[in-house]
Enquirer: 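Mind looking over this structure? Questions follow.
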Amino acid sequence: MRRRRLLVGFAGLSLGGLGTIGTGAFTSVTARRDAEVDLESDANAYLGLLEVGQGGRSTTENDLLKFEFPSDSEPSNVGLGSDSIYHFETDANSNQAGLFEVVNQGANTVEVYGESINDPGSPMVAIYDVSDPAKQILDGNPNSVALSPGDSFIGGMRIDTHDVPIKDDPYEVTLRLHAEI
Amino acid sequence: MGTGAFTSVTANRDAEIDLEDDANAYLALTPGNDNGWAASPTVGNSANGVLAIEMNGQSQTSGGTGVNADALSVFDDVFRIGNQADSGKQVWIEFDEASGSTTNQSNINYKARTDFYVGSHQSSPPLQRPSNSLVGSSNAQTVGTGNNLKVGISIDLTGLSPSDYATDSNGNLDTGQFLRDITIHAEDVSGSGT
């Protein structure tokens with residue numbers, strides 16, 4: 001599992017209007033305004049995504065968070081078994097809780113959950129809050145984590161390998177993270 | 001010798017033109033509700049009452065300084081375009097990529113991946129690019145007197161891998177500005193007069 005893709009929605013519904021009815025006439029107006037939109041690294045973006053641990057199972061490559069099971073620091077002949085459910089909530093050779101951290105660095109409270117984007121016959125991934133003893137899956141159906149601006153949670157990853165054949169090359173799946181108002 | 005002949009005359013006459021801040025202009029530009037933080041008239045470049053969109057370190061967020069790479073970011077209701085004139089207007093937007101920034105050093109067509117749209121995104125998953133674009137005169141929408149449009153911004157950077165982005169010598173993303181400015185057009189609805 002080498003790639004993750006993420007999907008962010010800082011958006012929602014609202015009502016309201018200007019409520020002012022002015023007077024006056026104009027035929028046409030062209031108004032030019034500054035609009036500065038910046039690209040950011042995962043660590044500094046509105047949805048902050050940070051690795052936790054030693055940079056093994058979760059790493060930051062080209063400023064983007066990604067996951068590797070096993071990590072490069074583990075023996076190359078190990079890996080996940082078939083027909084199993086694994087929970088990873090620390091990096092390899094680490095006692096620090098969590099694989100990754102999600103930080104709301106935006107301006108609105110958002111609900112955060114993860115979705116597995118994988119082909120049939122490949123591992124399914126899901127996320128959970130490592131402080132939750134029940135390891136309840138946060139997949140938006142219906143569970144998610146509400147993060148106020150500035151709040152964060154430390155996540156672990158659940159990987160389901162049922163009906164996944166063993167093969168030499170790594171499976172590539174995508175964890176899609178949603179953050180919505 | 002004639003009378004009344006002249007070669008040139010310069011006559012000054014009063015013309016009183018009030019400049020208003022964007023909120024009170026005939027074409028009113030005001031922050032939205034959901035994501036008005038990115039168009040605040042009180043911080044950054046907007047502190048002078050002229051609306052500016054700032055999805056950068058200037059806006060009031062909890063530390064975020066830009067949009068995520070490899071993500072679809074959808075911001076409903078960033079700002080509003082209100083018609084405070086006395087007749088309906090056709091309104092549309094154009095925008096420019098930043099020059100000399102991330103954009104020109106990469107293969108990413110930020111302009112095609114960015115949109116300004118009217119209304120709200122579809123709230124049921126999966127998140128998709130909103131379709132109600134306001135970009136270009138062919139997408140112009142009519143705004144009646146006293147009404148306003150909620151304008152959102154979507155930025156679709158999905159499907160890109162790190163190698164698609166420009167990187168610096170350390171392999172880090174060349175983060176920075178990729179959208180520079182917008183132009184808001186408002187014209188009389190044909191045939192309606194003013």
Enquirer: Please confirm whether the backbone N or O of A:D38 pairs with a side-chain atom of B:N56, one donor and one acceptor, at under 3.5 Å?
Expert: no
Enquirer: Supply the atom-to-atom distance A:L177 CG to B:N68 CG, rounded to the nearest 0.5 angstrom.
Expert: 9.5 Å
Enquirer: According to a 4.5 Å side-chain heavy-atom criterion applied to Ile, Leu, Val, Met, Phe, Trp and Tyr, with indirect links allowed, do A:L138 and A:V130 form part of one hydrophobic cluster?
Expert: no
Enquirer: If Ile, Leu, Val, Met, Phe, Trp and Tyr residues are connected whenever their side-chain heavy atoms lie under 4.5 Å apart, and connections chain through other members, are B:L27 and B:V78 in the same group?
Expert: yes
Enquirer: Kindly give the heavy-atom pair with the smallest separation between A:E40 and B:T65, and that separation in Å.
Expert: OE2-OG1, 2.9 Å
Enquirer: Could you measure the distance from the CD atom of B:E94 to the CZ atom of A:R32? Nearest 0.5 Å is fine.
Expert: 9.0 Å
Enquirer: Search all heavy atoms of A:A35 against all heavy atoms of B:I182 and return the closest pair with its distance.
Expert: CB-CG2, 3.7 Å
Enquirer: Between B:G63, B:G57, B:S154, which shows the greatest number of heavy-atom pairs under 4.5 Å with chain A?
Expert: B:G63
Enquirer: Quick check on B:I155 against chain A: is it the side chain, the backbone, both or neither that has a heavy atom closer than 4.5 Å?
Expert: side chain
Enquirer: Side chain, backbone, both or neither: which part of B:D22 has a heavy atom under 4.5 Å from chain A?
Expert: side chain
Enquirer: Mind listing the closest non-hydrogen atom pair of A:N108 and B:W37 along with its distance?
Expert: ND2-NE1, 3.9 Å
Enquirer: If we only count heavy atoms from C-beta on, is the B:L157 to A:L39 side-chain gap below 4.5 Å?
Expert: yes
Enquirer: Per the side-chain contact (heavy atoms from CB on, under 4.5 Å) rule, which among B:I184, B:D181, B:I53 passes with A:R33?
Expert: B:I184
Enquirer: Is there a continuous path of hydrophobic side-chain contacts, each under 4.5 Å between heavy atoms, that joins A:I154 to A:L147?
Expert: no
Enquirer: Please answer: with hydrophobic residues joined when any side-chain heavy atoms are less than 4.5 Å apart, are B:L51 and A:V29 in the same cluster?
Expert: yes
Enquirer: Can you name the nearest heavy-atom pair linking A:P149 to B:S62, along with the distance?
Expert: CB-OG, 2.9 Å
Enquirer: Which bit of B:D96 comes within less than 4.5 Å of chain A, counting heavy atoms only: side chain, backbone, both or neither?
Expert: side chain
Enquirer: What's the spacing between B:D70 CG and A:D63 CG if we round to 0.5 Å?
Expert: 13.0 Å
Enquirer: How long is the span from the CG atom in B:N35 to the CD1 atom in A:I181, to the nearest 0.5 Å?
Expert: 5.0 Å
Enquirer: Any side-chain heavy atom of B:Y110 within less than 4.5 Å of one from A:V37?
Expert: no
Enquirer: So with a 6.0 Å cut-off around CG of A:D83, is the heavy-atom count from everything else above 12?
Expert: yes
